[in-house]
Visitor: 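The structure is given below, and queries will be raised subsequently.
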Amino acid sequence: MLKLDNVSVKINNNNILNNISFEIEENDMFMIIGPNGSGKTTIVKTIMNDLKYTGTIKLDNINIKEIKLSNISKKLGVLMQNHNLEFDNTVYDIVSLGRYTHIKDIFGKLTSFDLQKINEAISLADLENLKYNSINEISGGQLQRVFLALTLAQDPDILILDEPTNHLDLKHQIDIFEILDKWRKNNNKAIIAIIHDLNLVYKYSNKCLIIKDGNIIACGNTKKTLTSDNLRIAYDVDIFKWMKDLLENYK
């Protein structure tokens with residue numbers, strides 16, 4: 001579905017990414033982890049063609065530079081950390097925006113299929129009881145689900161998430177990833193997510209990439225990649241020991 005081959009990014013003569021290579025397939029929950037400033041968000045921006053790069057990025061075996069932006073937006077959905085809330089829209093209005101990438105011209109109207117996708121996304125994100133509420137009347141966790149539903153309504157083949165559970169409590173983090181897990185499994189989709197919480201990586205991902213200073217430390221099957229040695233190299237701390245000692249407090 002998506003393949004990066006030796007992708008490098010240089011900004012102001014600084015190497016931000018160095019020869020990044022990985023492949024995303026159907027049903028993958030691919031998580032990217034690493035310390036702050038390691039290049040995680042840069043990978044997302046590069047895939048979306050927001051940054052100049054060397055190397056090759058292919059979407060469905062076609063060089064992404066040869067694909068029209070309108071077609072890319074139908075195949076790749078992106079949920080970033082920050083949301084611009086300038087208007088007092090309803091939950092339904094916001095989720096509906098996800099279908100406008102599929103409208104052929106500016107005078108086009110939402111079809112019955114579009115309405116179906118909107119309602120499916122609202123249902124999947126468990127927002128039916130908030131459907132006509134103003135987005136200024138709901139909680140932060142609910143708002144995150146609204147923007148997730150917007151992206152799901154777009155019905156992309158690959159969903160890209162930049163710290164989707166940032167600032168959310170544990171219950172809302174679990175809720176978000178249960179929604180994502182159900183969506184990808186039921187629709188043969190794939191997800192790329194930048195995550196800080198290693199517990200979520202262990203629980204939900206089948207593949208992961210560990211990055212530090214723009215370089216890949218390890219990439220592949222999650223259970224084989226998230227080793228004590230790899231995490232120690234990435235974070236300069238013995239995370240396994242730290243977590244084991246922490247769990248002793250709950251006995």
Visitor: Would you kindly confirm whether Trp242 and Ile195 end up in one hydrophobic cluster when ILVMFWY residues are joined by side chain heavy atoms under 4.5 Å apart?
Guide: yes
Visitor: Specify the closest pair of heavy atoms between Val146 and Val95, including all atoms of both residues, with the distance to one decimal.
Guide: O-CG2, 3.9 Å
Visitor: Checking side-chain polar atoms at under 3.5 Å, does Asn61 have a donor or acceptor matched by the opposite partner on Lys3?
Guide: no
Visitor: Quick one: does any side-chain atom of Thr46 pair with a main-chain N or O of Thr42 as donor and acceptor, under 3.5 Å?
Guide: yes
Visitor: Taking Glu26 for the side chain and Asn187 for the main chain, is one N or O donor matched with an acceptor at less than 3.5 Å?
Guide: no
Visitor: Between His172 and Asp175, do the side chains contain a donor N or O and an acceptor N or O under 3.5 Å apart?
Guide: no
Visitor: Please walk me through it: do Lys117 and Glu120 pass salt bridge (Lys or Arg N to Asp or Glu O under 4.0 Å)?
Guide: CA-CA 5 Å; Lys117 286 298 179 181; Glu120 285 177 356; 3.7 Å; yes
Visitor: Do the side-chain N and O atoms of Thr111 and Asp114 include a donor-acceptor pair separated by under 3.5 angstrom?
Guide: yes
Visitor: So, taking the atom named CG in Asn49 and the one named CG in Leu59, what distance separates them when rounded to the nearest 0.5 Å?
Guide: 11.5 Å
Visitor: Quick check: is Ile62 connected to Ile47 through a chain of hydrophobic side chains (ILVMFWY, heavy atoms under 4.5 Å apart)?
Guide: yes
Visitor: Is the shortest distance from a Lys or Arg side-chain nitrogen in Lys40 or Glu163 to a carboxylate oxygen in the other one below 4.0 Å?
Guide: no
Visitor: Using modelled atom types and a 3.5 Å cut-off, is there a donor and acceptor pairing between side-chain atoms of Asn12 and backbone atoms of Asn14?
Guide: no
Visitor: For the residue pair Met29 and Tyr204, what are the closest heavy atoms and their distance?
Guide: CG-O, 3.3 Å
Visitor: For the side-chain contact (heavy atoms from CB on, under 4.5 Å) test, which of Leu152, Asp155, Ile158, Asn27 pairs with Lys189?
Guide: Asp155
Visitor: Could you measure the distance from the CG atom of Leu226 to the CG atom of Leu231? Nearest 0.5 Å is fine.
Guide: 5.5 Å
Visitor: Mind listing the closest non-hydrogen atom pair of Ala234 and Pro35 along with its distance?
Guide: O-CG, 3.4 Å
Visitor: If every non-hydrogen atom of Trp183 is compared with every non-hydrogen atom of Ala190, which pair is closest and at what distance?
Guide: CZ3-O, 4.0 Å
Visitor: Using the rule that Ile, Leu, Val, Met, Phe, Trp and Tyr join whenever any side-chain heavy atoms are under 4.5 Å apart, tell me whether Leu97 and Phe113 fall into a single cluster.
Guide: no
Visitor: Just to verify, which of Asn221, Thr222, Asp181, Asp28 counts as forming a side chain to side chain donor-acceptor pair (under 3.5 Å) with Ser205?
Guide: Thr222
Visitor: Say whether, by atom type as modelled, one donor and one acceptor occur between the side chain of Asn215 and the main chain of Asp213 under 3.5 angstrom.
Guide: yes
Visitor: Nearest 0.5 Å please: distance from the CD1 atom of Ile72 over to the NZ atom of Lys65.
Guide: 11.5 Å
Visitor: Is atom NZ of Lys10 surrounded by more than 12 heavy atoms (other residues, nucleotides or ligands) closer than 6.0 Å?
Guide: no
Visitor: To the nearest 0.5 angstrom, please state how far the CZ atom of Arg232 sits from the CD1 atom of Ile217.
Guide: 13.0 Å
Visitor: I'd like to know if the side chain of Asn230 and the backbone of Thr225 have a donor-acceptor N/O pair within less than 3.5 Å.
Guide: yes
Visitor: Quick check on the hydrophobic clustering: are Leu200 and Tyr202 connected, directly or via other members, by side-chain heavy-atom contacts under 4.5 Å?
Guide: yes
Visitor: Under a 3.5 Å distance rule, please check whether Gln144 uses its side chain to pair with a backbone N or O of Pro164 as donor and acceptor.
Guide: yes
Visitor: Output yes when a side-chain donor or acceptor of Lys212 lies under 3.5 Å from a complementary backbone atom of Ile233, and no otherwise.
Guide: yes
Visitor: Measure the spacing between CG of Asp157 and NZ of Lys75 and express it to the nearest 0.5 Å.
Guide: 5.0 Å
Visitor: Is the side chain of Arg99 donor-acceptor paired with the backbone N or O of Ile118 at a distance under 3.5 Å, no angle test?
Guide: no
Visitor: Out of curiosity, Ile135 CD1 to Leu143 CG, how far, rounded to the nearest 0.5 Å?
Guide: 6.5 Å
Visitor: Report yes or no: do Leu79 and Leu69 belong to one cluster of Ile/Leu/Val/Met/Phe/Trp/Tyr joined by side chain heavy-atom distances under 4.5 Å?
Guide: no
Visitor: Specify the closest pair of heavy atoms between Asn19 and Ser8, including all atoms of both residues, with the distance to one decimal.
Guide: N-OG, 2.9 Å
Visitor: Taking all atoms of both residues into account, what is the closest heavy-atom pair of Ala121 and Ala149, and its distance?
Guide: CB-O, 3.3 Å
